Protein chains: 2
Amino acid sequence: MSDAAKDRLRLWLRLLKVVRGIEQDLRDELRRAHNTTLPRFDVMSALSRHPEGLKMSQLSGVLRVSNGNVTGIADRLSEEGLVERIPVPGDRRAMMLRLTSEGATEFARQAEAHQDWINEKLRDVSPEDARAMAARLQAFAAKSEQKEQVNAQ
Amino acid sequence: MSDAAKDRLRLWLRLLKVVRGIEQDLRDELRRAHNTTLPRFDVMSALSRHPEGLKMSQLSGVLRVSNGNVTGIADRLSEEGLVERIPVPGDRRAMMLRLTSEGATEFARQAEAHQDWINEKLRDVSPEDARAMAARLQAFAAKSEQKEQVNAQ
DNA sequence: CGGCATTGCTTTAAGCCTAAAATATTTATC
DNA sequence: GATAAATATTTTAGGCTTAAAGCAATGCCG
């Protein structure tokens with residue numbers, strides 16, 4: 001294996017370890033402090049960015065998860081009154097999912113705590129380092145998306 | 001929210017997006033090319049670093065997953081003859097899990113393909129950037145572990 | 001109009017994951 | 001040595017995840 005390949009593999013293993021660690025702690029925190037889960041948080045986050053609601057298929061597209069997945073999460077959030085399914089006029093197959101007002105209030109609370117929690121978790125990362133790494137990741141993500149476009153043609 | 005907090009939050013969102021994206025592609029690749037999954041790969045990887053085998057509890061400790069989780073994955077790998085449970089002399093509660101010779105051969109194949117795949121996936125990351133990011137991540141991980149030690153006391 | 005492919009969503013089967021309970025065995029204490 | 005506490009693992013219940021199948025409803029095309 002070339003040195004370059006070794007450097008890239010090491011980077012990947014570190015990325016995976018760090019992100020998995022933070023994500024695990026985040027899951028614990030969501031459960032402990034908000035009695036919820038990361039997938040539920042992700043769904044509510046997406047809906048909060050679209051106050052008019054999203055069709056189930058749009059939501060699974062945004063979150064890059066399967067249709068059936070969103071169905072289950074929506075079922076449970078709906079049971080708790082945090083989201084609601086609204087029929088789409090003119091298409092009886094489709095459903096619009098959106099936050100209820102209770103859901104919007106609850107998500108605002110969770111989102112604020114989440115930001116504070118992340119800031120605290122990354123306290124040892126200087127703003128300069130954060131910007132530098134974010135820029136590198138952004139450059140990488142942009143290149144990857146570009147390739148996907150080409151592959152999809 | 002302070003600027004520093006914004007920088008850290010943005011870093012976290014980028015990290016999550018990039019790692020999730022690569023991880024998803026990796027899962028697809030493992031299924032497509034090797035008819036396996038990332039958790040199975042992780043288990044076999046850990047066992048390959050301990051040719052003498054690991055007790056179930058050691059394995060769940062190394063992988064940072066629950067005991068019950070490892071039980072299920074070991075069951076399935078065992079059905080396929082890739083790993084085997086060996087009784088531990090002197091302690092009839094414990095079981096040593098280790099790769100069979102077929103498992104070791106199969107994992108060697110998977111691991112090599114995995115390295116190539118990662119190198120290709122990160123082709124646009126220069127070795128210099130890879131080392132720089134890995135170093136920052138390493139510094140962060142070291143600080144975090146240090147804190148855990150303190151918290152655990 | 002009538003058939004038929006497509007679209008939108010849900011259901012199902014199987015694996016992954018956790019916390020908590022259950023089981024079996026070992027260790028410590030009296 | 002008997003009993004209790006601790007340890008190693010499995011089982012269970014419930015949620016997340018996907019691919020594939022199923023069910024309506026829509027849209028296209030002759």
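Chain letters run A, B, ... following the sequence lines, proteins first, then strands; residues in each count from 1. Keep in mind it's a predicted model, so treat the numbers as computed, not measured. Only this structure's heavy atoms are used, side chains among them; waters, hydrogens and symmetry mates stay out.
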I want to confirm an ordering. Mapping G68(A) and T37(B) to their closest nucleotides on DNA chain C, which one lands closer to the 5' end? G68(A)
Does the side chain of R31(A) get closer than 4.0 angstrom to OP1 or OP2 of dA19(C) through an N or O atom? yes
Describe the nucleic acid contact of V88(B) in one word from base, sugar-phosphate, nothing, applying a heavy-atom distance below 4.0 Å. nothing
Between R20(B) and dT17(D), is there a contact of a side-chain N or O with OP1 or OP2 at under 4.0 Å? no
What is the distance from CE of M95(A) to P of dA25(D), rounded to the nearest Å? 11 Å
Quick check for you: among dA8(D), dC16(D), dT6(C), whose closest atom lies nearest to any side-chain atom of R93(A)? dT6(C)
Between E120(A) and R8(B), does any side-chain N to carboxylate O distance fall below 4.0 Å? no
Counting only side-chain heavy atoms from C-beta out, which of dT26(D), dC16(C), dT10(C) sits nearest to P39(B)? dC16(C)
Return the value, rounded to whole Å, for the distance between atom CE of M56(B) and atom P of dT11(D). 10 Å
Between T100(B) and L82(B), is there a donor-acceptor pair closer than 3.5 Å when you use the side chain of the first and the backbone of the second? yes
Between P of dG15(D) and CG of L30(A), the distance in whole Å: 16 Å
Between D42(B) and R20(A) (salt bridge meaning N to carboxylate O under 4.0 Å), is one present in this structure? yes
Any ion pair linking E80(B) and R76(B) (charged N to carboxylate O, less than 4.0 Å)? no
To the nearest angstrom, the CG-C1' distance between N67(B) and dA20(C) comes to 12 Å
Remember a base hit wins even if backbone is also touched, and classify S57(B) as base, sugar-phosphate or nothing at under 4.0 Å, heavy atoms. sugar-phosphate
I'd like to know if R98(B) and E52(B) make a salt bridge, using a cut-off of under 4.0 Å between side-chain N and carboxylate O. no
Under 4.0 Å, heavy atoms only, any strand: does I73(A) hit a base, just the sugar-phosphate, or nothing? sugar-phosphate
Write down the distance between CG (N69(A)) and P (dA19(D)), rounded to a whole number of angstrom. 11 Å
Without decimals, in angstroms, what is the distance between R32(B) CZ and dA19(D) C1'? 17 Å
Within the 4.0 Å heavy-atom criterion, would you say V70(A) contacts the bases, only the backbone, or no part of the nucleic acid? nothing
Length of the line joining D75(B):CG and dT11(D):P, which is rounded to integer Å: 7 Å
Over all strands shown, is R27(A) touching base, sugar-phosphate only, or nothing at heavy-atom distances under 4.0 angstrom? nothing
I need the CD-P distance between Q58(A) and dT7(C), as an integer number of Å. 15 Å
Considering only heavy side-chain atoms of T71(B), the closest of dT11(C), dT6(C), dT11(D) is dT11(D)
